[in-house]
Amino acid sequence: MCPLPLAAAAVAAPRAPRWLLGRGLAAAMSTAGPLKSVDYEVFGRVQGVCFRMYTEGEAKKIGVVGWVKNTSKGTVTGQVQGPEDKVNSMKSWLSKVGSPSSRIDRTNFSNEKTISKLEYSDFSIRY
């Protein structure tokens with residue numbers, strides 16, 4: 001189990017602005033311009049280092065939706081959706097930052113496309 005650092009604890013339970021209550025993240029993004037979707041796979045030391053937890057926290061901080069999960073081959077894979085600039089920020093984080101104890105050797109992005117609506121309402125860890 002990954003210890004929850006104070007910074008991640010603050011990200012793990014964000015407070016929504018009052019105007020967003022009842023509308024959800026998808027409603028907030030619907031007016032933010034073109035939406036993008038991209039699949040990713042991260043290679044390196046990315047399992048056993050809280051990578052999924054930090055990915056979920058960063059996605060929620062940036063304001064994108066999608067999912068993340070470990071694979072049987074030792075990588076982490078997932079999908080990110082949201083406004084293009086926010087998806088690009090998440091792509092950069094997945095390529096260069098990761099969790100504090102991780103080592104990212106490379107990140108492959110695939111199936112990048114413009115979408116008309118979000119397929120997810122939040123960002124989650126899959127098992």
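These numbers come from the heavy atoms of this one structure, side chains and all, not from hydrogens, waters or symmetry mates. In this chain, residues are counted from 1 in sequence order.
Within the 4.5 Å cutoff, side-chain heavy atoms of Lys113 are placed close to those of Ile115. Residues Pro83 and Leu35 have side chains in contact (heavy-atom distance under 4.5 Å, counting atoms from C-beta outward). The side-chain heavy atoms of Tyr40 and Asn108, taken from C-beta on, include no pair separated by under 4.5 Å. Residues Phe51 and Ile104 meet the side-chain proximity criterion, which asks for heavy atoms closer than 4.5 Å. Between Val76 and Thr71, every side-chain heavy-atom pair lies at or beyond the 4.5 Å cut-off. Looking only at side-chain heavy atoms (C-beta outward), Val80 and Trp67 stay at 4.5 Å or farther from each other.
Note that the CZ atom of Arg126 and the OG1 atom of Thr77 stand 10.0 Å from one another [nearest 0.5 Å].
Residues Ser102 and Ser99 approach most closely at OG-O, 2.8 Å, considering heavy atoms. Contact between Tyr120 and Gly66 at its shortest, heavy atoms only, is CD1-CA, 3.7 Å.
Proximity of a side-chain donor or acceptor of Thr75 to a complementary backbone N or O of Phe43 within less than 3.5 Å is not detected. The backbone N or O of Val87 sits nowhere less than 3.5 Å from a side-chain atom of Gln81 that would complete a donor-acceptor pair.
Sorted by first then second residue, the salt bridge (Lys or Arg N to Asp or Glu O under 4.0 Å) pairs that include residues 34-45, not counting sequence neighbours, are Glu41-Lys73.
Using a 4.0 Å cut-off between charged nitrogen and carboxylate oxygen, Lys60 and Glu56 count as a salt-bridge pair.
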Which donor-acceptor pairs under 3.5 Å do side chains of residues 89-97 form with protein atoms, sequence neighbours excluded?
{"from": "Ser89", "atom 1": "OG", "to": "Asp85", "atom 2": "O", "distance (Å)": "3.2"}
{"from": "Lys91", "atom 1": "NZ", "to": "Glu112", "atom 2": "OE1", "distance (Å)": "2.8"}
{"from": "Ser95", "atom 1": "OG", "to": "Lys91", "atom 2": "O", "distance (Å)": "2.9"}

